[in-house]
Amino acid sequence: MLDKVIKDEFISLRRRFLEKEFSRMNDRQREAVFCTEGPLLILAGAGSGKTTVIINRIANLVKYGNAYESDFVPDYVTDGDLEVLRQAVKGNPSAEILRRAEELCKVNPCPAWRILAITFTNKAADELKARLSNMLGEEDGSEVQASTFHSFCARILRRDGHHLGYSSHFTIYDTDDSRRLMKECMRELNISDKFLTVKEILNEIGRAKDSLLSPEEYMAQYSWDSRKKLIANAYVMYQKRMKEADAMDFDDLLYQTVRMFRTVPEVLEVYQNRFKYMMVDEYQDTNHAQFVFISMLAQGYGNLCVVGDDDQSIYKFRGATIENILGFEQQFKGCRVIRLEQNYRSTKNILKAANAVISKNVNRKGKTLWTQNPEGEKIEIHRVDNEDEESRFIADTILDGVAAGRKFSDFAVLYRMNAQANALERALAKSSVPYRIVGGHRFFDSLEIRDAIAYLRVINNPNDTVALLRIINQPKRGIGDVTLQKASNIAGGLGVSLYDVLLDAGHYPDISRAAFKIKEFTDIIEELRRINENPDYSIHYLYNRMLELTGYKAMWEQAGESEAGRVENLNELASSIIDYEKNSPDEIPQLEGFLEEVALMTDIDNYEAGSDAVVLMTMHSAKGLEFPVVFLPGFEDGIFPGMQTFFNPEEMEEDRRLCYVAITRAKEKLYILNAGSRMIFGSTTHNRPSRFLADIPEELILSFDHYGGGSSSWGDSTSQSYGKFGGGYGGFSGYEGARGSAGNSFDTKNVRAGAAARSSVAGGGISALEKNVKAPAKPGAGTRWKEGDMVSHKVFGKGVIMAITPMGNDYLLEIKFDKAGMKKVMANFANLTPVTN
DNA sequence: AGCAAAATGATTTTT
DNA sequence: TCATTTTGCT
């Protein structure tokens with residue numbers, strides 16, 4: 001039995017040694033690193049060194065286990081050992097001393113493979129692995145299970161999914177595949193897309209899966225609601241088809257895994273026992289299913305650490321529930337909470353602005369970031385005429401900055417909508433500013449790439465009917481919809497896959513007419529499948545053969561100059577495949593592996609700060625990144641915060657969080673812009689400055705007003721003031737112009753502004769509407785209305801317009817009809833004709 | 001079956 | 001505005 005004095009000194013020395021080991025972190029961060037046991041919530045503000053904490057925490061677990069908080073002392077500790085520690089904690093100890101000290105300070109170190117680290121992006125997972133390998137050595141570093149929820153679940157399901165009747169080769173469907181499949185289901189169930197759109201149904205199914213409701217449970221729960229009953233039917237058929245195709249969508253990956261954990265406890269136990277420590281990054285972005293998934297695993301050892309920032313929860317529309325992070329303390333009793341509030345990224349001014357904006361939110365844990373960084377420059381807020389001026393201002397400011405010694409890559413432009421990128425792109429190109437757009441149209445979403453991938457998917461899994469239908473007549477092979485419809489029916493009747501039917505199309509009289517053409521197609525696929533199964537051939541060889549044999553590439557090559565980009569993309573995909581083959585951990589890289597990577601990949605993963613170019617991306621995509629100078633265009637009510645947020649406080653809070661995220665991307669200088677008028681989606685809007693601007697304290701900002709209501713230069717006419725908002729803003733919030741509409745339905749989701757609303761609002765404001773000239777007679781081609789006009793309605797008959805209210809892209813008319821009485825109708829949908837007395 | 005014209009939809013999108 | 005999807009026609 002060791003002497004208590006020795007014990008106490010040993011423990012205290014061990015702590016000092018560990019503190020020295022992790023001395024590069026601040027106190028809070030270190031506390032998070034050493035807190036290894038039980039549930040832990042780390043509230044990590046923007047730029048607070050969150051990733052560093054995660055990495056060091058894992059490193060600590062692998063190297064020292066739970067040594068810091070443990071009072072365990074090994075029996076063999078001698079006076080000599082104490083001396084080693086004493087030397088190790090002061091001055092510059094020798095390597096030998098250090099090595100022995102490290103040995104002495106281990107308490108239940110955890111093997112790297114028993115640590116699970118969940119991230120949201122592949123990029124984050126890869127980064128984590130790279131930095132861990134760097135810190136712990138390749139050996140341990142690569143053994144830490146760092147992956148996304150989805151790829152981790154996919155791995156589990158490939159191994160154990162047979163319990164649910166899935167093969168280990170199941171295909172992963174993306175949203176487009178799901179849409180196609182749902183369209184099929186709706187056709188068969190006779191659900192009109194006028195009544196329920198594909199999107200609505202898939203959204204609802206997504207929510208059901210997120211709530212872990214099976215089709216049957218969903219049906220039972222909502223049997224009283226006829227609309228939901230229809231959705232339930234669609235859900236049932238959709239899941240059935242997915243199973244038949246041996247396919248899972250993104251939501252299935254989690255939903256099915258949890259379902260399997262519930263029904264087959266032995267499988268769950270395997271994973272519970274394996275993972276002694278678990279960490280979840282970006283916890284504020286988890287949804288309910290992910291919460292249940294991770295909770296189930298955590299029931300094993302209970303060592304669950306989640307890291308996140310409730311103020312940066314911006315993916316509610318993807319199912320993220322901020323309640324997961326807000327309620328963590330309730331859900332995991334005895335949980336410890338550590339706040340990381342010191343920011344290492346931004347200036348004091350930028351942080352103060354961010355704090356001020358986010359403090360207006362009610363639904364939050366509450367955190368105030370602080371920094372030791374300098375005060376920094378003030379935030380510049382500029383009001384300009386329109387989006388072209390806005391873009392020009394940004395281009396000019398960047399050029400000035402570069403002239404003053406900055407790099408192009410120091411600048412980022414973060415916008416709310418991808419559609420805002422167009423104007424920026426034009427201006428930057430005009431000024432020869434190198435730029436890069438991240439996100440928006442994704443490479444893997446382009447038509448030709450999706451087709452090419454669909455071919456590979458059919459080769460990999462011919463039961464993948466969605467992929468098969470996508471490419472079977474692409475290029476045209478004379479296999480039309482009618483034939484495929486019949487073939488599908490036969491397949492359904494026989495309980496086999498569509499491809500099986502096609503394989504011996506000759507046997508079925510219904511489709512025998514097309515049998516020859518079908519055989520030509522299946523012969524090609526069979527040939528390609530043989531190539532795929534032959535280990536002598538690489539994936540990229542298979543890919544090239546596929547492009548040749550199917551005639552798919554030739555199709556685009558013959559399509560002329562305008563489609564040259566598609567051919568380029570097809571070649572680009574070949575490089576991706578070769579890349580995959582090079583980097584694949586497998587001895588012989590498999591097509592299946594490539595397809596899985598593609599299915600779970602996004603373009604943001606490819607963002608690297610490599611080239612010296614200005615970066616353009618959405619505020620969402622920018623989360624986690626930082627730039628010396630940030631421009632935030634489009635700070636206008638109706639754009640940011642968006643229109644839909646006005647009536648929905650929760651949405652408003654989400655947009656406010658997004659604003660917080662955007663502001664905190666800036667390290668040194670922040671420019672916020674807004675335009676008096678803006679052309680978006682083909683119609684012009686007139687907007688007031690964003691209400692978020694009012695939240696930023698005056699003393700932090702420099703305000704410039706270039707808004708001249710038509711003047712196109714800010715050179716001389718610039719009014720500068722050091723208070724808030726230089727001049728008065730003219731204009732009104734409303735819309736002019738859009739495409740014409742001939743609709744005569746009252747279905748609000750189809751509401752569109754028609755040519756009827758097109759006008760040049762010179763004087764600004766509703767007055768322009770009121771002053772407007774008499775409506776021309778042609779309906780739908782320039783018709784406008786004013787109060788007192790006599791009109792005729794298809795259903796309601798004759799009436800007089802009593803009131804006009806602008807609403808969205810349209811106008812709400814209140815009409816007193818002779819027979820039908822007072823009615824409210826949308827101008828562009830009422831299909832009114834003027835009545836002249 | 002295949003084409004051109006018309007309609008449609010558009011916030012954000014870690015997988 | 002713009003790309004893609006649906007439609008209406010031959």
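So you know, we letter chains A, B, ... as the sequences are listed, proteins then strands, and number each from 1. Nothing here was measured: the structure is a model prediction, and the numbers come from that model.
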Check every strand shown and say whether [X] touches a base, only sugar-phosphate, or nothing at a heavy-atom separation below 4.0 Å.
X        : answer
A/Asp655 : nothing
A/Asn473 : sugar-phosphate
A/Ile639 : nothing
A/Ser147 : nothing
A/Gln420 : nothing
A/Asn418 : sugar-phosphate

Measure centre to centre between the rings of A/His620 and A/Phe317, then say whether the value is under 6.0 Å. yes
Between C/dT4, B/dT14, B/dT15, spot the one nearest the side chain of A/Arg566, thanks. C/dT4
Report yes or no: is the ring centroid of A/Phe317 under 5.5 Å from the six-membered base ring centroid of B/dT13, with the two planes under 30 degrees? no
A/Asp249 and salt bridge (charged side-chain N to carboxylate O under 4.0 Å, His left out): which partner among A/Lys209, A/Arg180, A/Arg179? A/Lys209
side-chain hydrogen bond (donor to acceptor under 3.5 Å, both in side chains) involving A/Glu650 - partner list, sequence neighbours excluded: A/Lys316
5'-to-3' dot-bracket of DNA chain B (Watson-Crick, G-U; under 3.5 angstrom; crossing pairs as [ ]; | other strand): ||||||||||.....
Measure all distances between protein nitrogen or oxygen atoms and nitrogen or oxygen atoms of nucleotides 6-10 of chain C, and list the pairs falling under 3.5 Å.
unit_1	atom_1	unit_2	atom_2	d
C/dT6	OP1	A/Lys183	NZ	2.7

Establish, for the pair A/Arg656 and A/Phe692, whether the NZ or CZ atom is under 6.0 angstrom from the six-membered ring centre and no further than 45 degrees off its axis. no
Report the distance from atom CD of A/Gln284 to atom P of B/dT13, rounded to the nearest whole Å. 16 Å
Please report, rounded to the nearest Å, how far the C1' atom of C/dA3 is from the CD atom of A/Glu563. 11 Å
Verify the contact: side-chain N or O of A/Lys199 to OP1 or OP2 of B/dA10, cut-off strictly under 4.0 Å; return yes or no. yes
Counting only side-chain N and O atoms of A/Thr483, is one of them less than 4.0 Å from OP1 or OP2 of B/dA1? yes
Given DNA chain B, 5'-ward residue of the pair A/Thr286 and A/Gly478, judged by closest heavy atom: A/Gly478
